[in-house]
Each structure stands twice: as structure tokens, then as C-alpha cells.
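Note sheet for the following structure.
Quick note on labels: first sequence line is chain A, next is B, and so on, each numbered from 1.
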There are 2 protein chains.
Amino acid sequence: MEIEINIDDDVPLFTQVMEQIKQAVSAGHCLPGSALPSIRQLSSDLEINSKTVAKAYRLLERDQIIQTKGHRGTFVHPNAKANCTINLQERAVADLTRAIQTLKNVNLTDSEIRNAFALVMNGQGPKGQ
Amino acid sequence: MEIEINIDDDVPLFTQVMEQIKQAVSAGHCLPGSALPSIRQLSSDLEINSKTVAKAYRLLERDQIIQTKGHRGTFVHPNAKANCTINLQERAVADLTRAIQTLKNVNLTDSEIRNAFALVMNGQGPKGQ
DNA sequence: TATTGTACCCCTACATCAAAGGGTACATAT
DNA sequence: ATATGTACCCTTTGATGTAGGGGTACAATA
């Protein structure tokens, strides 16, 4: 588990942490069930804020790459290697591309699309949800 | 064709112009085929920039509320009244709500959804379109 | 008691975007 | 010559969102 962080890189720190852990899992350097360093430990090693590591861990657990067992620590998910191939971001881009394309086809302005998007994201969607 | 503009209103000026013209058409105060004031004329009357009026006219023409006939001026669209009921913004909100809801259902972060949206809007969507 | 993940609060720096205006120019048609 | 819609260039202003950090606190457990 050797992770290197470049603060000068324009890739966000939490993304770098995520990618490197994913890479280690994919390469077989981290086997399912093995323990990962604690959030505080890793943040100390990398000399970055613990909240940044916590964010990376939180997203990795959502993606089922790791498993957190409360106070007992964090471990590699049993199905981690397979789940590394799932890319939610690509899924999001694909879904949104379809939706946006249909809106552009009826000549909606980029501004209008952005505006509608903001309304939905801010919970001011249709029928005041 | 009496249009009143409130600069203090938080509704954008071009939106106010659009809404009031739509309102006049819906109420039957502007019959199909009748002429609208020119962009320069209306911007002068309202004491706002001509580009603001031009933007309102451009969008109204897209929505087929008005028709611009080049140098001859701008006129109310033959089917204006019916087209006033079509709300593209609602369409956009509805479409995006569906897409975003499915993404939230797989626990995508708001940040990730916004990020994917930005990629698509900036033409960096899937497969380098 | 110390460590675990987690959940709050507040803050700064930075980027992006929308709205609006200022200005200039163009081809077309009367 | 004049008025039409239109298409560019530039600018300022304000709002919003992200990344990251600082700090504090909590229940559970070994």
C-alpha cells in the first residue's frame, strides 16, 4: 500500500487517493479482506487532512471497493476487484448525454438547460419536491 | 403592447420581456400577423439595452410566438396563442429530473452528477464528441 | 483509555457561469 | 439614406459550487 500524492497535480487529492487504492486492488496488491490503514493513519502518512482521506474512503465504500467495519477499521471488499471495473461517472455521463441531447434537439439554449439542471439539483424540481 | 420592466425584480430583463409579450398574446391583445415594435424601438422605450430585447425576441421566435421577417420587422406568429402553452423549461426540468433521479438511486454524489453534467455541456462527453 | 469511522460547524481560494451592457459592423430592402 | 434583424468583439457584476482545511464531538470497542 504505497500511495503517492502530488499536491501540484490538478487532480483533486481525494481522487488521487481513490485511484491509487483502486489501482492497488486491481493489480492484486491488496487482497480482499486485508486491512487498509485507518483514516487518521493514512492522512498522517500522506500529510493531508483526514477529511480528505475520509471522503475517499466514503466513496470507495459506496463503490464497494472497501468495507468499513466501524471502529474495527477498513478492509478490502470481498468483490473489490470486480467492482473496480464499474465506473459510475461514465454511467452518469451517458445518462445525462442522452437527456441533454433530446433537449438540444428542441433548440433549448445551453443556459436554459443549465438553469433547469440547477433547479432540479437544488430540489426545486417539478411540483415543488 | 404596453410592457413594463422592473429592474429591481430578480427576474432577468429578457425574461420579463418574453413573459409580457407571451401574456399579451395569450390575452388576445396581440393578434397573429400584427407587427411588434422593432428591437431598437422597444429597447429605447424600455430604456434597456437592445441586446436584451434581441435576446428575448430570439427566444420568442424559437418558441414560435413571434416571426422575424428580416428587415421588414417582427410579427406575431400565426399559431402564437397555441404555442404559448408549450413550456420548454418544464420539459427540460422533467427530462433532467428523470435522469438525475436514476443517478441518485445508485448513490452518485451531487458533486459527481454536477461534474458529469459539466463534462457533457462542455462537449467532453462520451467518446470525445 | 485510545482508536475507529463518522458527523457536524465554520472558513478560504478558486473556477465557472449568467445577465447585462457597450460598441461595431453587416446585408437587405424600402 | 435609413431602418431591419443579426453577429461579432469586449467588459463588469453577482451567484454558485468545489476542494480543502480547522476544529470539535460522538458511540463503539479492544
For this session: Take atom CG of B:N115 and atom C1' of C:dC17, then tell me their distance rounded to the nearest Å.
Result: 16 Å

Problem set entry | Check: A:V93 main-chain N/O paired with A:T97 side-chain donor or acceptor under 3.5 Å | yes

Exercise. A:R40 side chain: which of C:dG5, C:dA20, C:dC8 is closest?
Worked result: C:dG5

Exercise. Quick one: is B:T68 getting a side-chain N or O under 4.0 Å of the D:dG5 phosphate, OP1 or OP2?
Worked result: no

Problem set entry | A:G70 vs A:E112, nearer the 5' end of DNA chain C by closest nucleotide | A:G70

For this session: Check the side chains of B:T109 and B:E112 for a donor-acceptor pair under 3.5 angstrom, ignoring hydrogens and angles.
Result: yes

Exercise. Can you find a donor-acceptor pair, distance only, under 3.5 Å between B:K51 side chain and C:dG22 base?
Worked result: yes

Problem set entry | Donor-acceptor contact present, side-chain A:S34 to main-chain A:C30, <3.5 Å | no

Problem set entry | Option among A:N83, A:V76, A:I21 that satisfies the side-chain contact (heavy atoms from CB on, under 4.5 Å) test with A:L60 | A:I21

For this session: Let me know the distance between CG of B:L13 and P of C:dG22, rounded to the nearest Å.
Result: 12 Å

Exercise. What's the NZ-C1' distance between B:K55 and C:dA20, to the nearest Å?
Worked result: 9 Å

Exercise. When the distance from CD of A:E61 to C1' of C:dG5 is rounded to whole Å, what number comes out?
Worked result: 9 Å

Problem set entry | Nearest heavy atoms of B:Q67 and B:P78, plus distance in Å | OE1-CD, 3.5 Å

Problem set entry | Phosphate OP1/OP2 of D:dT18 contacted by B:R114 side-chain N/O (<4.0 Å) | yes

Exercise. Under 4.0 angstrom, heavy atoms only, what part of the nucleic acid is A:R72 near: base, sugar-phosphate, or nothing?
Worked result: sugar-phosphate

Exercise. Is A:S111 near enough to C:dC17 that one of its side-chain N or O atoms lies under 4.0 angstrom from OP1 or OP2?
Worked result: no

Exercise. Does A:T74 place a side-chain N or O at less than 4.0 Å from the phosphate oxygens OP1/OP2 of C:dG5?
Worked result: yes

Exercise. Atom CD of B:Q67 to atom P of D:dG5: distance rounded to whole Å?
Worked result: 14 Å

For this session: Would you kindly give the CD1-to-C1' distance between A:I113 and C:dC17, to the nearest whole Å?
Result: 14 Å

Problem set entry | Gap between atoms OH and P, on A:Y57 and C:dA7 respectively (whole Å) | 16 Å

Exercise. Tell me: CG of A:N49 to P of D:dT18, nearest whole Å?
Worked result: 18 Å

Problem set entry | Closest listed nucleotide, where the reference is the side chain of A:T52 and the choices are C:dG5, D:dG5, D:dG20 | D:dG20

Problem set entry | Nearest-nucleotide pick for B:P12, side chain only, options being C:dA20, D:dT6, C:dT4 | C:dA20

